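Presented below is the structure to which this report refers.
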Number of protein chains: 2
Amino acid sequence: MGKNENKKKVPETTISRLFVYLREVTELSKIKIKTISSAELGERTNLSDAQVRKDLGYFGQFGVSGSGYSVSGLRDELQKILGKDKTQKVALVGVGHLGSALLSYSGFSKHRLDIVAAFDTDIRKIGKNLEGVLIQSIQEVAQVIKEKKIFLAIITVPLGEAQEVADLLVESGVECILNFAPVSLSVSEGVKVKDVDLSRELETLSYFLDNGD
Amino acid sequence: MGKNENKKKVPETTISRLFVYLREVTELSKIKIKTISSAELGERTNLSDAQVRKDLGYFGQFGVSGSGYSVSGLRDELQKILGKDKTQKVALVGVGHLGSALLSYSGFSKHRLDIVAAFDTDIRKIGKNLEGVLIQSIQEVAQVIKEKKIFLAIITVPLGEAQEVADLLVESGVECILNFAPVSLSVSEGVKVKDVDLSRELETLSYFLDNGD
DNA sequence: TAGATTGTTAATCGATTAACAATC
DNA sequence: TAGATTGTTAATCGATTAACAATC
């Protein structure tokens with residue numbers, strides 16, 4: 001029962017691309033383009049037509065043979081699939097350079113993610129307001145997270161503190177962590193963690209530059 | 001000829017993990033641990049023993065049957081493979097929140113990437129020094145990049161300016177771009193681009209939170 | 001209708017995992 | 001030697017690409 005009657009698992013890469021399609025058709029609808037083919041949409045997003053159709057095919061049949069997809073129709077479908085209407089409350093721990101960047105990242109406001117709490121250990125920062133979010137003491141994490149029923153947190157603290165912070169977050173009820181500290185966090189079963197290591201991404205790329213393709 | 005006699009292509013994911021192994025064995029060597037097995041190294045990096053051995057196997061035979069890998073030996077080999085001794089000069093375009101974060105990211109100083117030039121359009125920022133790097137006018141990009149022979153650039157400008165900046169960079173001789181603006185850049189053949197869309201990564205993760213695993 | 005484009009199946013590609021003989 | 005662990009091949013898994021009948 002439920003919406004997942006046909007259980008072919010959707011790859012994470014597909015979901016990720018769906019956000020790209022959504023962005024694209026949202027732009028197209030603004031400039032009054034009515035219809036787009038998978039080939040055109042693929043060209044605009046640097047993907048193949050087959051990939052576009054395959055990705056959409058996981059969720060239904062949105063196109064019309066011979067003419068393609070309705071731009072506004074596809075936009076609405078994608079919004080429904082990706083749940084853009086729901087807003088996800090997020091806590092941010094570590095208001096350093098990167099934390100501030102994420103906090104002010106314009107993307108958040110117009111999307112499904114809303115940073116509603118920020119924490120730091122630095123007394124000079126605590127009590128201040130950044131982008132409309134109050135920076136609180138790390139000691140209040142547990143209370144605030146429970147109070148506000150926050151299930152997703154972003155960790156932007158230094159390497160040495162990341163695991164400790166993660167433990168605290170999980171203990172407080174967080175189920176999903178996006179970790180920007182360059183460690184692989186270990187958390188209890190059921191908690192979802194994604195490590196985003198910017199330094200490593202940069203280094204990997206630069207390796208491929210040096211060594212050809 | 002050259003080092004790539006056996007041409008089995010190394011996956012980018014492998015290179016990426018090599019940086020993780022390097023970080024781990026560097027830590028281990030600091031605390032005087034002499035030897036580590038693929039199973040132990042895998043456990044510490046949340047990877048399987050088979051994965052560790054496979055990854056290393058692309059580059060040679062560094063282990064000893066029955067006892068594992070020499071920590072310092074593996075560290076040195078990985079450093080050699082990843083070219084940590086060489087320092088790659090990098091230009092950063094867009095000194096906003098995220099740009100500042102990357103600029104100050106401690107990771108850079110101790111790794112192979114060195115931001116040697118930063119650019120912005122904001123007159124209030126131009127001429128200032130951030131983390132020891134002079135912020136220059138975007139109009140000087142071409143000249144500085146050629147002068148300093150910079151082949152890698154990081155784009156942290158707003159969405160609308162990214163493609164324009166990319167064109168300018170490529171024209172100036174940049175061969176590799178790490179793009180943090182949420183667009184898929186189109187560049188001429190031969191130029192390597194990696195798009196890192198933090199907002200999209202966040203959204204993708206939060207989708208999976210909402211929808212179970 | 002003829003042309004265009006979908007949705008979907010099959011083929012391909014590539015990466016991860018399992019298994020095990022070789023070996024210290 | 002016996003036990004442990006490697007390096008590597010084969011099996012599996014999963015995602016991308018190609019192909020094409022169905023259809024507007």
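In what follows, chains carry the letters A, B, and so on, assigned in the order in which the sequence lines appear, proteins first and then strands, with residues in each chain numbered from 1. Here the structure is a predicted model, which means the values were calculated and not measured.
Atom CG in Leu18(A) sits roughly 15 Å away from atom C1' in dA15(D) (whole-Å rounding). One can place NZ of Lys54(A) at 9 Å from C1' of dT9(C), the figure rounded to the nearest angstrom. Taking atom CD on Glu12(B) and atom C1' on dA15(C), their separation rounds to 13 Å, with Å as the unit. dA19(C) atom C1' lies 11 Å from atom CG of Asp49(B), rounded to whole Å. Atom CZ of Phe62(B) and atom P of dT6(D) are 14 Å apart (whole Å). Atom pair Asp55(A):CG and dT8(C):P shows a separation of 14 Å (rounding to whole Å applied).
A salt bridge links Glu12(A) with Lys194(A): the closest approach of a Lys/Arg side-chain nitrogen to an acidic carboxylate oxygen falls below 4.0 angstrom. Taking 4.0 Å as the cut-off between side-chain N and carboxylate O, Glu203(B) and Arg200(B) do not count as a salt-bridged pair. Of the charged side-chain nitrogens involved, none lies within less than 4.0 Å of a carboxylate oxygen, so that Asp76(A) and Lys80(A) do not count as a salt-bridged pair.
Looking at heavy atoms from C-beta onward, Leu56(A) lies out of side-chain contact with Glu77(A) at the 4.5 angstrom threshold. Proximity of Leu178(A) to Val90(A): side-chain heavy atoms (C-beta onward) are nowhere separated by under 4.5 Å.
When the nucleotides dA15(C), dT9(C), dA15(D) are ranked by their closest atom to the side chain of Pro11(B), dA15(C) comes out on top. Considering only the side chain of Thr13(B), dA15(C) comes nearest among dG7(D), dT9(C), dA15(C).
The side chain to side chain contact (heavy atoms under 4.5 Å, CB included) with Thr156(B) is formed by just one residue from the set Leu92(B), Asn179(B), Val95(B); it is Leu92(B).
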Under 3.5 Å, which protein N or O atoms sit close to an N or O of nucleotides 20-23 of chain C? Give each pair with its distance.
none

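Atom CG of Asp114(B) is separated from atom NZ of Lys89(B) by 9.0 Å, given to the nearest 0.5 angstrom. With rounding to the nearest 0.5 angstrom, the OG atom of Ser38(A) is 11.5 Å from the CG atom of Leu47(A). Between the CD atom in Glu43(B) and the CG atom in Leu41(B) there is a gap of 10.5 Å [rounded to 0.5 Å]. With values rounded to the nearest 0.5 angstrom, Leu169(A) atom CG is found 7.0 Å from Ile138(A) atom CD1. In this structure, Ile154(A) CD1 and Cys176(A) SG are separated by 9.5 Å, a value rounded to the nearest 0.5 Å. Atom OH of Tyr58(B) and atom CZ of Arg53(B) lie 14.0 Å apart (nearest 0.5 Å).
Proximity of residues 37-46 of chain B to DNA chain D (heavy atom under 4.0 angstrom from any strand atom) is restricted to Ser37(B), Ser38(B).
Listed pair Tyr69(A) / dG7(C) meets the phosphate criterion, a side-chain N or O lying under 4.0 Å from OP1 or OP2. The shortest distance between the side-chain N/O atoms of Thr14(A) and the OP1/OP2 oxygens of dA15(D) is not below 4.0 Å.
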Dot-bracket encoding per residue of DNA chain C, Watson-Crick/G-U cut-off under 3.5 Å, | denoting interstrand:
..||||||||||||||||||||||
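Between Ser67(A) and Gln51(A), the residue anchored nearer the 5' end of DNA chain D, judged by the nucleotide with its closest heavy atom, is Gln51(A).
Using a 4.0 Å heavy-atom distance criterion, Phe59(A) is classed as making no nucleic acid contact.
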